[in-house]
Enquirer: 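One structure coming up, written as structure tokens, with questions to follow.
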Amino acid sequence: MLLLRRLVHDLVQKVLSELDLSYHFEVEVPPEGFGDFSTNAALVGARHAKCRPMELAEKIAEKLKNEDIFHSVEVAKPGFINFRLSKKAYVDVLRQIIVNEAYPIRKSEPLRIQFEYGSANPTGPFTVGHGRQLVIGDVLSNVFRELGYEVTREMYINDAGRQISLLAKSLWVRYNQLLGSQDLEIPEDGYRGEYLIDIAKKLLEEVGETYKNRWDSETESFFKRYAVENILNNMKEDLCTLDCEFDVYFSEKSLIEDGTVQKVLDILREKGFIYEKDGAVWLRVSQFVEDDDKVLIKNDGSYTYFLTDIAYHFNKYSRGFHKIYDIWGSDHHGHIPRMVAAMRALGIEDGFFNVILHQFVTLKRGEEIVRMSTRAGEFVTLRQLIEEVGKDAVRYFFAMIDPNTHMVFDLELAKARSMDNPVYYVQYAHARICSLFEQAKSKSITFNKNEDLDLLNDPAEFAVIRRLDMFEDALHEVEKTLSPNKLTQYLEALAYDFHSFYTKCLVLDPGNPRLSNARLNLAYATLLVLKKGLSLLRVSAPERM
RNA sequence: GCCCCUGUAGUUCAAUGGAUAGAACGGCGGAUUCCUAAUCCGCAAAUGGAGGUUCGAUUCCUCCCAGGGGCACCA
């Protein structure tokens, strides 16, 4: 395997073991002017070797000087070892990328992983916040798949419980208002959004006055079904627009109907982890984590969300996943300890259940903060956002910011300056390369794959190759940090290196067809990696811009 | 009050304990008789505050200040 960084790392490690040393060190790309790679091995190792960092660095460097992948090995204070790679090392990497038709990713063990995200009450349209979560989950899923994991993308639909009852009642009120009952009002905690009026109009056309001023259990279940079905369909349209595919949509209601909830209750009761108090049924959360006990069954006999969620996670475990990641908004962080407690109560090992929290999205229109509330129905929907700035920009924007960072999305800025979004920078690099291959034809320069690579000699060319070589690293960074922004950062860096190379080096020179071909090969390898990276983001890779 | 997240250039974001804290937008100044100037090159500009840990701190620890989010028999 020829990931250059790994190659350097292994060589250093070999030398260390010859010196009877063993510890964790890094091989990195240093700031400009220090070479291609550097290692802090001597700095970290000084302690272990009981000598000065500089002395150890000299000792290690001496043993590496004759390796043929290095052009030079130098020591710099306070103890870094800097490497310049030989041309041969670069050419080998480029050759491999082209032979493999993309960067040859070393696959991980094919563990079964589930990402659950975008889960929502089907009580209204997706918000901008959902959009962030959907993109984070989708990109992580794509990257994990690329790395060889067996990934299931799943959305949980909260189609049971009090919220749905309120939704049904709210829709019923809207429906009757259309029929002239102006004295009826949306329930206190009901849903006031305009979208219910639209659904009510459609409903009115279909059923006429059947349910006018009539509220009974049959009416309620009809309105529940009708409301959920319609809202769910709208949500799925948004998912389609955003290019988010799911493998499974999981219904909360089904957990009650198929007895999973009852089964979980039985298990917990049998183990003695639940008790009754004040007419409610409680889980002994405090026995497992630092948190108060929580209610599973309310004193009116209905289930809490917590209970069905435990059942859901029990179901996930039963399906044989090795690891699951729930992606939640930060407002749910208080929910984590009690879920951990529930997992332990069920005897599920720690490490199975993981949560990725993301911070909120603040919307701004110019100077004005846009307040959002689903209940009050005052918010910018995901759909509106996509219509304003476009799917590619929405996806890229959400992916490029660390989930843990509060982000401010200025609608006017995104709209007015959409061309300055980094997504276009990366896409432009892709389009430029496509254009090169078009131009090559008209200039009668033939592209011979994997030939003339030895003619590459410019630092700008090597910079591109070095970056191409780091693609796999970038994917592993995404995996390790669970942040899609490691991928967007990588692509921007690659695009930057390519644009610089393009400006400095004339690719298509009819007077020098062999050098042209070498550079076309470099462009081709870049194209492959850009295309792969953009596809993981589900952002389009246009051939012309 | 307690818990979680975040304070970095004018703005929006980066930076597994490393060297000169990076981009982008905005500002200023340059580059196209040749492949897309949606690009490139240069200049000005930042770690909220105080301690501590060590060869070295934006990063880890403590305290303070500021912002966001939690602390339900809601989800």
Side-chain angles (χ1 to χ4, degrees), chain A residues 24 26 28 30-34 38 40 43-44 46-47 52-54 76-80 82 119-121 123 158 161-163 166 189 252 277-282 290-292 294-306 308-309 329-337 357-360 362 364 374 397 400-410 413 417 419-422 424-425 427-429 431-440 442-443 445 477 480-481 485-486 488-489 492-493 495-496 498-510 516 519-520 523 544-545:
Chain A
H24 182 76
E26 300 295 340
E28 292 202 314
E32 276 299 314
F34 291 104
S38 78
N40 63 355
L43 287 163
V44 180
R47 210 170 317 185
R52 291 172 182 283
M54 288 298 281
K77 63 180 179 359
F80 288 100
N82 297 324
S119 298
N121 293 321
T123 52
N158 299 108
R162 198 173 89 91
Q163 302 308 318
L166 279 167
D189 299 328
E252 178 184 10
K277 193 181 85 179
D278 303 332
V281 175
W282 300 68
E290 291 246 352
D291 199 357
D292 300 331
K294 302 290 174 200
V295 169
L296 297 177
I297 303 176
K298 302 179 222 171
N299 61 15
D300 67 359
S302 63
Y303 298 151
T304 60
Y305 169 81
F306 181 39
T308 49
D309 214 21
S330 63
D331 55 332
H332 284 63
H333 97 267
H335 196 63
I336 297 174
L357 285 182
H358 66 89
Q359 301 298 318
F360 277 28
T362 304
K364 243 174 56 174
T374 310
F397 204 97
M400 71 186 278
I401 288 169
D402 186 303
N404 219 13
T405 300
H406 299 276
M407 69 177 281
V408 177
F409 202 126
D410 188 327
L413 202 69
R417 307 209 173 119
M419 284 312 198
D420 295 324
N421 191 307
Y424 298 103
Y425 184 79
Q427 287 179 322
Y428 183 54
R432 250 188 172 171
I433 296 171
C434 292
S435 168
L436 278 176
F437 282 93
E438 281 301 310
Q439 289 287 324
S442 58
K443 294 193 178 185
I445 294 173
E477 278 292 303
K480 196 170 84 183
T481 61
N485 70 329
K486 304 295 184 205
T488 58
Q489 274 171 24
E492 284 164 42
Y496 169 78
F498 182 80
H499 286 313
S500 294
F501 152 72
Y502 180 93
T503 304
K504 189 171 174 203
C505 303
L506 181 66
V507 178
L508 303 174
D509 179 1
S516 297
R519 289 177 170 167
L520 274 177
R544 278 204 189 80
M545 287 175 74

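Proteins get letters first, then strands, A, B, ... in listed order; numbering begins at 1 in each. No experiment lies behind these values; they were computed from the predicted model shown.
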Enquirer: Is the phosphate of B/C74 approached by A/Tyr303 (side-chain N or O, under 4.0 Å from OP1 or OP2)?
Expert: no

Enquirer: Across the strands shown, which category fits A/Glu477 at heavy-atom distances under 4.0 angstrom: base, sugar-phosphate, nothing?
Expert: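 It contacts nothing in the nucleic acid.
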
Enquirer: By salt bridge (charged side-chain N to carboxylate O under 4.0 Å, His left out), which residues pair with A/Lys294, not counting sequence neighbours?
Expert: A/Asp291

Enquirer: Quick check for you: among B/C73, B/C35, B/A75, whose closest atom lies nearest to any side-chain atom of A/Asn121?
Expert: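 Closest nucleotide among those given: B/A75.
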
Enquirer: Let's go through A/Phe80 and A/Phe34 carefully: what are the C-alpha distance in whole Å and the side-chain angles of both, what is the deciding distance for ring-ring contact (aromatic ring centres under 6.0 Å, His included) to 0.1 Å, and is it a yes or a no?
Expert: CA-CA 10 Å; A/Phe80 288 100; A/Phe34 291 104; 7.8 Å; no

Enquirer: Reckon A/Ala431 touches a base, only the sugar-phosphate, or nothing at all at heavy-atom distances under 4.0 Å?
Expert: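 Base, at least one base heavy atom under 4.0 Å.
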
Enquirer: By salt bridge (charged side-chain N to carboxylate O under 4.0 Å, His left out), which residues pair with A/Lys504, not counting sequence neighbours?
Expert: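 Residues passing salt bridge (charged side-chain N to carboxylate O under 4.0 Å, His left out) with A/Lys504: A/Asp458.
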
Enquirer: When we call it a touch if two heavy atoms are under 4.0 Å apart, what does A/Cys434 touch: a base, just sugar-phosphate, or nothing?
Expert: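 Here A/Cys434 touches no strand at all.
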
Enquirer: Tell me, please, which residues at least two apart from A/Lys443 pass side chain to side chain contact (heavy atoms under 4.5 Å, CB included).
Expert: A/Gln439, A/Ile445, A/Leu508, A/Pro510

Enquirer: Each nucleotide N or O in nucleotides 6-13 of chain B that has a protein N or O under 3.5 Å away: list the pair and distance.
Expert:
from  : atom 1 : to       : atom 2 : distance (Å)
B/U6  : OP1    : A/Asn404 : ND2    : 3.3
B/C13 : OP1    : A/His406 : O      : 3.2
B/C13 : OP1    : A/Val408 : N      : 2.6

Enquirer: Mind checking what makes salt bridge (charged side-chain N to carboxylate O under 4.0 Å, His left out) contact with A/Lys277, not counting sequence neighbours?
Expert: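 With sequence neighbours excluded, A/Lys277 shows a salt bridge (charged side-chain N to carboxylate O under 4.0 Å, His left out) to no residue whatsoever.
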
Enquirer: Identify the two heavy atoms, one from A/Leu506 and one from A/Arg519, that lie closest to each other, and give their separation to 0.1 Å.
Expert: O-NH1, 2.8 Å

Enquirer: So, using ring pair (Phe, Tyr, Trp, His ring centres under 6.0 Å) as the criterion, who are the partners of A/Tyr305 when residues are at least two apart?
Expert: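 Applying ring pair (Phe, Tyr, Trp, His ring centres under 6.0 Å) to A/Tyr305 gives A/His335.
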
Enquirer: Check salt bridge (charged side-chain N to carboxylate O under 4.0 Å, His left out) between A/Glu28 and all other residues, then give those that pass, not counting sequence neighbours.
Expert: none

Enquirer: At a cut-off of 3.5 Å, list every protein nitrogen or oxygen paired with a nitrogen or oxygen from nucleotides 27-33 of chain B, distance to 0.1 Å.
Expert:
none

Enquirer: Is there a side-chain polar atom (N or O) of A/Arg432 under 4.0 Å from OP1 or OP2 of B/A37?
Expert: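 True: A/Arg432 side-chain N/O within range (under 4.0 Å) of B/A37 OP1/OP2.
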
Enquirer: Please find the pair of heavy atoms, one from A/Met400 and one from A/Pro422, that lie closest to each other, and give the distance.
Expert: CE-CG, 3.7 Å

Enquirer: Once side chain to side chain contact (heavy atoms under 4.5 Å, CB included) is applied, do any residues pair with A/Thr503, and if so which ones, sequence neighbours excluded?
Expert: none

Enquirer: Using every non-hydrogen atom in the two residues, find where A/Ile297 and A/Tyr303 come nearest and quote the distance to one decimal.
Expert: CG1-CD2, 3.9 Å

Enquirer: Can you give me the N/O atom pairs linking the protein to nucleotides 41-47 of chain B at distances under 3.5 Å, or say none if there are none?
Expert:
from  : atom 1 : to       : atom 2 : distance (Å)
B/C41 : OP1    : A/Tyr496 : OH     : 3.0
B/C41 : OP1    : A/Ser500 : OG     : 3.3

Enquirer: Hey, is A/Tyr425 doing a stacking thing with B/A24, by the 5.5 Å centroid and 30° angle criteria?
Expert: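 Here A/Tyr425 fails the 5.5 Å or the 30° condition.
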
Enquirer: Provide the closest heavy-atom pair for A/Gln359 versus A/His406 in the form atom of the first, atom of the second, distance.
Expert: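 Result for this residue pair: OE1-CE1, 3.3 Å.
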
Enquirer: Nearest heavy atom decides the nucleotide; on that basis, is A/Leu357 or A/Asp509 closer to the 5' end of RNA chain B?
Expert: A/Leu357

Enquirer: Could I get the full list of side-chain hydrogen bond (donor to acceptor under 3.5 Å, both in side chains) partners for A/Ser302, not counting sequence neighbours?
Expert: A/Asp300

Enquirer: Heavy-atom nearest nucleotide on RNA chain B for A/Asn299 versus A/Ser38: which residue maps closer to 5'?
Expert: A/Ser38

Enquirer: Hey, does the side-chain of A/Asn82 have a donor or acceptor N/O within less than 3.5 Å of a partner on the base of B/A19?
Expert: yes

Enquirer: Side chain of A/Leu506 only, heavy atoms from C-beta on: which candidate in B/C34, B/A37, B/U20 is closest?
Expert: B/C34

Enquirer: What's the closest nucleotide to the side chain of A/Asn158 if the choices are B/A19, B/C34, B/A75?
Expert: B/A75

Enquirer: Within the structure shown, what part of the strands sits under 4.0 Å from A/Leu43 by heavy-atom distance: base, sugar-phosphate, or nothing?
Expert: base

Enquirer: Does B/C74 have OP1 or OP2 under 4.0 Å away from a side-chain N or O of A/Lys298?
Expert: yes

Enquirer: Reckon A/Lys294 touches a base, only the sugar-phosphate, or nothing at all at heavy-atom distances under 4.0 Å?
Expert: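 No contact.
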
Enquirer: Counting a pair only when it is Watson-Crick or G-U and both distances are under 3.5 Å, which runs of at least 3 such pairs involve RNA chain B?
Expert: B:1-7 with B:65-71, B:10-13 with B:22-25, B:27-31 with B:39-43, B:48-52 with B:60-64

